[in-house]
2 protein chains.
Amino acid sequence: MRLSEGVEWAVHCCTVLAALPPERTLGAGALAEFFEVPKAYLAKHLQALSQHGVVDAVPGRNGGYRLARATAKITLRDIVTAIEGPGPCFRCQEIRRRGPSGQPKRCYTAPCGIARAMWAAEKVYLDALARTTLAKLIAEAAHEVSHEQQAAMARWLEQAA
Amino acid sequence: MRLSEGVEWAVHCCTVLAALPPERTLGAGALAEFFEVPKAYLAKHLQALSQHGVVDAVPGRNGGYRLARATAKITLRDIVTAIEGPGPCFRCQEIRRRGPSGQPKRCYTAPCGIARAMWAAEKVYLDALARTTLAKLIAEAAHEVSHEQQAAMARWLEQAA
DNA sequence: GAATGGGTACTCGGATATAACTTGTCCGAGTCTCTTAGG
DNA sequence: CCTAAGAGACTCGGACAAGTTATATCCGAGTACCCATTC
């Protein structure tokens, strides 16, 4: 089990977008330059965020991306789900039905207990992600990141305007 | 993010091994027949379980696998970790250091807040898996599975002896 | 009849191909801006 | 001077390859059993 590195990219991009003045946007190219990642591939992930309503995409010359709603309303779960897809990590293949001691399908009404346990753990995981808002992440970072770097980021945002 | 289907195979195999009389073993071939899965590939996963101390492998003619300890001492976390590997799902690439506003490495002492949040969620997930013992799964299944199927499984275990 | 040595059959274990998915790239559709020509 | 039309440039969006991991397979090493031979 391994998450796509696109998740890390997406979350970081959202924190940068959160620093923008209202209505301003930032293009995939600018974000790719900011993080030194392949532009086209980052664009793919931003596209996923856009399709899931995490960010808004503005087409046209001065277009780009901006957060679709307030940082307090965006959670890590939203971003992870957008990048990784909605399906559960554990896919029950119902192998209990197969083999010599398997029974007809009608005998299996409830989901397999193993699958239920795995899904319950996944729910706990996603709930934990849902409790972490983008606003909380940014507030934490504000205390930890040096003023120097925050200034450097502000300067970069200006020149990228 | 997607778990290997080997996880499902491994857990089901453990429940079958738990039904064996003490000291009896079951080979990879028998388990593969029971679940109608490719024998060689299942063997690979059983090998992983063996290396992580979940099951014991007995070589030789009447050899095979048996649980390494009591079902109450084996958790879903043990099995998932054995199959999927020990590393975290989220691998922080430290992209915060990169790009035009990145700072020298010494400026980043604590792990990235994003990574901390992701890892905290993973810990919750693994803790949930660790609370689900094999004994609990089997006890639940005993109430749900029909007596007919339990008898079929017992018969199969006899003829596989 | 009992013991022993060897052959055989069955087991696990790791090294080896194939398939699927993640990663990475490219080009087309659409939109805003700037320029320029005309009124 | 103001307006408006058109070209241009920059944006997102989906379609198209390459690399890596998961899937599937095979063959070798080792062990216990079975049987024949011998005492």
Side-chain angles (χ1 to χ4, degrees), chain A residues 1-10 13 17 20 23-33 35-66 68 80 82-85 87 89-91 93 95 160-161, chain B residues 1-10 13 17 20 23-33 35-66 68 80 82-85 87 89-91 93 95 160-161:
Chain A
M1 179 161 73
R2 201 176 131 209
L3 271 74
S4 162
E5 62 181 339
V7 171
E8 183 182 3
W9 297 6
C13 285
L17 292 179
L20 290 177
E23 296 304 310
R24 250 203 67 189
T25 63
L26 214 51
L31 287 166
E33 182 192 347
F35 290 117
E36 277 183 21
V37 295
K39 167 187 167 182
Y41 189 34
L42 177 62
K44 196 182 189 67
H45 291 309
L46 292 171
Q47 196 174 330
L49 289 180
S50 170
Q51 288 173 345
H52 285 80
V54 177
V55 302
D56 285 333
V58 178
R61 173 158 185 171
N62 280 0
Y65 295 97
R66 66 172 167 242
V80 169
I83 302 296
E84 292 288 327
C89 309
F90 180 85
R91 323 278 175 98
Q93 304 289 116
I95 68 170
Chain B
M1 180 162 70
R2 202 176 130 206
L3 272 73
S4 162
E5 62 181 338
V7 171
E8 183 183 3
W9 298 5
C13 284
L17 291 179
L20 291 178
E23 296 304 312
R24 250 202 67 188
T25 64
L26 213 51
L31 286 166
E33 182 193 346
F35 290 117
E36 276 182 20
V37 295
K39 168 187 168 182
Y41 190 34
L42 177 62
K44 194 181 189 66
H45 291 309
L46 291 170
Q47 195 174 330
L49 289 179
S50 170
Q51 287 172 345
H52 286 79
V54 177
V55 301
D56 284 334
V58 179
R61 172 154 184 173
N62 281 0
Y65 295 97
R66 65 171 167 245
V80 169
I83 302 297
E84 292 288 326
C89 308
F90 181 86
R91 323 275 175 98
Q93 305 288 117
I95 68 171

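So you know, we letter chains A, B, ... as the sequences are listed, proteins then strands, and number each from 1. Below, all heavy atoms of this structure are taken into account, side chains as well, without hydrogens, waters or symmetry copies. The structure displayed is predicted, hence computed values, not measured ones.
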A/Glu23 bridged to A/Arg66 by N-O distance under 4.0 Å: yes
Report the residues that fulfil side chain to side chain contact (heavy atoms under 4.5 Å, CB included) with B/Arg61, sequence neighbours left out, ordered by chain and then residue number. none
Summarise protein proximity over nucleotides 3-15 of chain D in one line of letters, 5' to 3': B for base, S for sugar-phosphate only, - for none, counting protein heavy atoms closer than 4.0 Å. -------BSSSBB
Considering heavy-atom distances to DNA chain C, does A/Leu42 or B/Arg2 have its closest nucleotide positioned more toward the 5' end? B/Arg2
Can you see which heavy atom on A/Ala82 is nearest to which on A/Leu49, and at what distance? CB-CD2, 3.9 Å
Can you tell me the distance, in whole Å, between the CD atom of A/Glu23 and the P atom of C/dC32? 14 Å
For B/Val55 and B/Leu46, work out which heavy atoms get closest and say how close. CG2-O, 4.1 Å
Rounded off to whole Å, could you give me the OH-to-P distance for the A/Tyr41 and C/dT22 pair? 8 Å
Could you measure the distance from the SG atom of B/Cys13 to the CD atom of B/Glu8? Nearest 0.5 Å is fine. 10.5 Å
Rounding to a whole Å, what distance do you find between B/Leu49:CG and C/dG14:P? 13 Å
B/Glu5 has an atom CD; how far is it from atom C1' of D/dT21, in whole Å? 14 Å
Kindly write out the residues that satisfy ring pair (Phe, Tyr, Trp, His ring centres under 6.0 Å) with B/Phe35, not counting sequence neighbours, or none if the list is empty. B/His12
Could you tell me how far apart B/Arg91 (CZ) and D/dT20 (P) are, to the nearest whole angstrom? 15 Å
A/Leu3 CG to C/dT22 C1', straight-line distance once rounded to whole Å: 12 Å
